*Asks:* 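One structure is given below, represented as structure tokens, and several questions about it will come after.
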Amino acid sequence: MAAGRPGRRSRTEVRAVTDDDLGRWSDPPLLVLASLADGPKHGYAITQDVYGETGVRLGPGTLYGAISRLEERGLIEALPPEKRRRPYQLTAAGEQVLADTAKKLRQVADLGLSRLSGRGITA
Amino acid sequence: MTAPEDPLLVRVVLGLYPARWRERYGEEFAALLSDMTAGKSRLARIWAITDATLGGIDTRLRLLRGNAMPGRVRMILKAAIYSSLRAAAAVTGIGELRQMAYRLYARRLRREMAGKPLPRHVGLIMDGNRRWALGRGMASASLGHKYGAEHAEEVLSWCETAGIRHVTVFMCSTENLTSRDSDEVAFLMQVIEEFVAGRLTREAAWRVHIAGSLDVLPDTTARALKEAVEVSRDCDTGRHVTLAVGYGGRQEVIDALRSLLHERAEQGATLADVAETITTGDIARHLYTAGQPDPDLVIRTSGEQRLSNFLLWQSAYSELYFCEAYWPAFREIDFLRALRSFAARQRRYGS
């Protein structure tokens, strides 16, 4: 059926576009900010939380790439380690950035959803 | 940075990251990697290692060029690393991959050691053989001694590679001879006899010396030890191994004093003369280890932090290194770490 639909991209093409161009929507730093929004967490807890809530698996290298960049920019801060696991928490600046970004994303989401529902498609 | 209990793969992967990054994030990253790989499926582990490897490359590139690699390059690289790891795991099996990782890590440690001070004399307290055997579910704890002796051959070859010229191995204390049951002592003696008649003397890489009182040992053992000393007398490699068998440090000091007193008595000296003139050098000359440098480094395995009467006199200024692993499980990388730790210490000789 899908193959009959005109103009449909092949599966591999779609995936390439999603990862490359739309990848920012599941940006690891954003996921980390969102995960820390309800309280401090250490690395492993962040990966578990993000996977449980969004189905995105953050690998160790990806996670720490995000953590180190967020820390550099002052959006999150490290707390004293518990045993060897160090929890992180949002800074005021981090909360602001997360709120702004989430607001923008919501505008886009609302726009997309409302126009789709105008055509009788529900998400 | 990483704790000894971290799996090898964690330490190897961490090595991909820049040193400065490791200082800040190494410990927590190692903990995370352990959490994400321990007990997980093979594919999950390969996925986590791939991601961590890519993260290391990314971090180094960002330091070098100031920006991350482009998304498409990253994807290609990720696919390449993942497929190579999977293919490697399929071809060689995880066990051999671990071996490869182990060799890489050992090589890094050796490179770090190059040009650093090396101990001239290393003392080894090979502790934990019995506990190791029990932990492995072996029928008898004594069997641990056999594996322990085989392992001693291995460790001697590491010393050889590292360029250490003097090694003393604590194989059996006087206390072992009296406090263990007779079957176990008999087995241990047999193990020692086989040890000295085996690779040690066959390969002639080491000149053998004995520390201990031979008269407390069974005849066959005493004879085997004397024979090993004889056979290796002409060994000209410059490497000396001292086997401490039936050895006790206090007994050694008493024996040394006794021998010194006899010597001076033969020369016609009175006790008062000896008391007047005796020096530490006089005692050292009469120890079992006379003529050898004092140990710079003493390594004890199995987590016990005692010297237990080992080289009591000679270890006055030795650096001590304790390792959690039982002796048969003491790995070359543990040994190299002990050497690295030695190189990093400032020796003060009591001053």
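It should be emphasised that the depicted structure is a prediction, and the values quoted were computed from it without experimental measurement. Below, chains carry the letters A, B, ... as their sequence lines are ordered, and counting in each starts from 1. Worth knowing before you read on, the calculation uses all heavy atoms, side chains too, and leaves out hydrogens, waters and symmetry mates.
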*Asks:* Is it the case that atom CZ in B:Arg60 sees more than 12 heavy atoms from other parts of the structure closer than 6.0 Å?
*Replies:* yes

*Asks:* For atom CZ of A:Arg57, decide whether the heavy atoms of other residues, nucleotides or ligands shown that lie under 6.0 angstrom number more than 12.
*Replies:* no

*Asks:* Quick one: what part of B:Asp35 sits under 4.5 Å from any heavy atom of chain A, side chain, backbone, both or neither?
*Replies:* both

*Asks:* If you look at every heavy atom in B:Tyr25 and A:Ile67, which pair is closest and at what distance?
*Replies:* CE2-CG2, 4.2 Å

*Asks:* If you tally heavy-atom pairs under 4.5 Å against chain B, which of A:Gly65, A:Ala78, A:Ser68, A:Gly61 wins?
*Replies:* A:Gly61

*Asks:* For a side chain to side chain contact (heavy atoms under 4.5 Å, CB included) check, start with the C-alpha distance between B:Arg24 and A:Arg86, then their side-chain angles and the critical distance, and finish with the verdict.
*Replies:* CA-CA 11 Å; B:Arg24 168 61 185 82; A:Arg86 188 193 290 280; 3.5 Å; yes

*Asks:* CZ of B:Arg65: more than 12 outside heavy atoms within 6.0 angstrom?
*Replies:* yes

*Asks:* For B:Arg86, I'd like to know if atom CZ has over 12 heavy atoms of other residues, nucleotides or ligands within 6.0 Å.
*Replies:* no

*Asks:* Testing the basics here: between A:Pro60 and B:Leu33, what is the closest heavy-atom pair and its distance to 0.1 Å?
*Replies:* CG-CD2, 3.9 Å

*Asks:* Evaluate side chain to side chain contact (heavy atoms under 4.5 Å, CB included) for A:Tyr64 paired with B:Tyr17, printing each intermediate quantity in order.
*Replies:* CA-CA 11 Å; A:Tyr64 267 83; B:Tyr17 284 79; 5.8 Å; no

*Asks:* Nearest 0.5 Å, please: how far is CD in A:Gln48 from CE in B:Met36?
*Replies:* 7.5 Å

*Asks:* Nearest 0.5 angstrom please: B:Asp51 CG to A:Leu58 CG, how far?
*Replies:* 8.5 Å

